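Positions are given from 1 along the sequence. Model, not experiment: these values are computed from the prediction.
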Amino acid sequence: HSNARLARNGNESLYMEALSSIAGSDNSCVLDYDLSGDGLSVSVVGNIKTARNIIVLVPGTDTTGANVGNVHGSASKLQEQAGNDTAVVAWLGYDAPSKAQAVFDFKADGGGKDLANFTRNIGQSATNVTISGHSYGSIVAAKAVADNGATPDNLVFVGSPGVLQPHASNLAPSRVWVGQADDDPIANVPSSLPFPFPPARNQAHGINPADPKFGATRFRTGAASGHSEYYLNNESLTNIRNIGTGNYCSVTVVHGSAC
């Protein structure tokens with residue numbers, strides 16, 4: 001990747017616009033960014049140094065520096081609901097895959113390592129840390145825990161294609177939650193591919209964590225529809241807020257235990 005690629009794609013100016021918009025927003029701060037490749041960005045809404053609760057949003061396929069403002073917008077909605085003792089991070093700290101690449105896990109390898117490092121170095125005052133991964137971002141979140149030693153209090157997977165683990169207990173001691181809209185097409189993604197595909201990598205991503213056999217607590221997503229409405233002002237967002245602020249008994253569930 002290079003800055004020249006961004007320029008060729010016409011994305012560099014969009015990325016700078018996104019960063020400027022984030023930096024100019026109330027209660028927001030850009031913690032880190034990188035103009036190379038498709039662009040990386042880590043921003044926060046709220047005071048990460050003093051927050052009692054920290055929620056880290058990890059986006060999925062086709063997220064770039066040019067459209068990362070959408071992730072920051074989700075962070076803003078969530079922090080507004082959660083209140084002043086909560087900081088919400090929009091973490092595009094990895095090179096998210098294209099749709100064609102998303103069947104493989106290699107983009108999540110480095111992302112999981114970097115996410116684990118990030119969570120180790122944030123919020124010394126925080127008593128509750130939650131990582132919420134959307135779509136392919138759920139694989140990055142799971143790899144941070146399973147392969148790189150991150151220990152968030154909560155792992156939230158929304159719109160997940162699978163997280164390369166057969167059971168939620170593999171992600172202990174983190175408590176695992178999952179949200180999936182009834183009409184999210186991700187539910188139709190196979191757990192494995194029926195043909196060999198070099199190089200020899202994980203192909204597709206295992207059992208859907210919304211399956212009761214996975215052992216996570218599945219929360220209700222209310223009016224969320226399709227693959228991309230989990231962070232709108234709906235029951236899904238409210239439940240993620242309650243998880244991220246430790247109000248577990250207020251989470252509305254489909255299966256599993258909230259309290």
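Heavy-atom minimum distance, S160 versus V163: OG-CG1, 3.6 Å. Between P209 and V178, the closest heavy-atom pair is O-CG1, 3.4 Å. The shortest non-hydrogen separation linking I55 to I240 is CD1-O, 4.5 Å. Taking each heavy atom of N148 and G112 in turn, the nearest pair found is ND2-C, 3.5 Å. Annotation for A258 and V251: closest pair CB-O, 3.8 Å, computed over non-hydrogen atoms. Residues G162 and I139 come closest through the heavy atom pair O-CG1, 3.2 Å.
Residue pairs meeting the salt bridge (charged side-chain N to carboxylate O under 4.0 Å, His left out) criterion with at least one partner in residues 66-85, sequence neighbours excluded, are R52-D85. Every pair passing salt bridge (charged side-chain N to carboxylate O under 4.0 Å, His left out) that includes a residue from residues 146-160 is listed here, sequence neighbours excluded: K143-D147. Sorted by first then second residue, the salt bridge (charged side-chain N to carboxylate O under 4.0 Å, His left out) pairs that include residues 221-246, not counting sequence neighbours, number zero.
Contact annotation: the side chain of Y230 never approaches that of S132 to less than 4.5 Å [non-hydrogen atoms, C-beta and beyond]. Between Y231 and V158 the shortest side-chain heavy-atom distance falls below 4.5 Å. A heavy-atom distance below 4.5 Å is not found between the side chains of N242 and F219. Looking at heavy atoms from C-beta onward, F118 lies out of side-chain contact with V58 at the 4.5 angstrom threshold.
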**Test side-chain contact (heavy atoms from CB on, under 4.5 Å) applied to T221 and N234, step by step** = CA-CA 7 Å; T221 54; N234 53 29; over 6 Å; no

**Request:** Please step through side-chain contact (heavy atoms from CB on, under 4.5 Å) for the pair H72 and V45, ending with a clear verdict.
**Result:** CA-CA 8 Å; H72 187 82; V45 185; 3.5 Å; yes

**Message:** I'd like to know whether F157 forms a side-chain contact (heavy atoms from CB on, under 4.5 Å) with V176, so could you lay out the CA-CA distance, the side-chain angles of the two residues, the decisive distance to 0.1 Å, and finally the verdict.
**Reply:** CA-CA 8 Å; F157 304 138; V176 184; 3.6 Å; yes

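Donor-acceptor pairing under 3.5 Å is recorded for the side chains of T252 and N239.
Panel note: side chain N170, backbone P166; no donor-acceptor pair is recorded below 3.5 Å. In this structure, the side chain of S135 does not engage the main chain of G137 through any donor-acceptor pair within 3.5 Å. Using a distance-only test at 3.5 Å, with no hydrogens or angles considered, a donor-acceptor pair links the side chain of S174 to the main chain of P152.
W177 and V254 fall into different hydrophobic clusters, where Ile, Leu, Val, Met, Phe, Trp and Tyr side chains are chained together by heavy-atom contacts under 4.5 Å. Criterion: ILVMFWY side-chain heavy atoms under 4.5 Å apart, direct or through other members. Under it, Y248 and L78 are part of a common hydrophobic cluster. By the criterion of side-chain heavy atoms lying less than 4.5 angstrom apart, applied directly or through intervening Ile, Leu, Val, Met, Phe, Trp or Tyr residues, Y136 is grouped together with I207 in one hydrophobic cluster.
Within a 6.0 Å radius of CG in D183, other residues, nucleotides and ligands contribute more than 12 heavy atoms. Within 6.0 Å of atom CG in N84, 12 or fewer heavy atoms from other residues, nucleotides or ligands are found, so the atom counts as exposed in its surroundings.
How far CG of D114 is from OG1 of T119: 11.0 Å, rounded to the nearest 0.5 Å. Here the OG1 atom belonging to T217 is positioned 7.5 Å from the NE2 atom belonging to H255, to the nearest 0.5 angstrom. The CG atom of L237 lies 4.5 Å from the CD atom of Q81; values are rounded to the nearest 0.5 Å. Here the CD1-CD1 distance, from I54 to I122, works out to 4.5 Å after rounding to the nearest 0.5 Å. Between the CD1 atom in I186 and the OG atom in S138 there is a gap of 8.0 Å [rounded to 0.5 Å]. To the nearest 0.5 angstrom, N128 atom CG is 9.0 Å from N247 atom CG.
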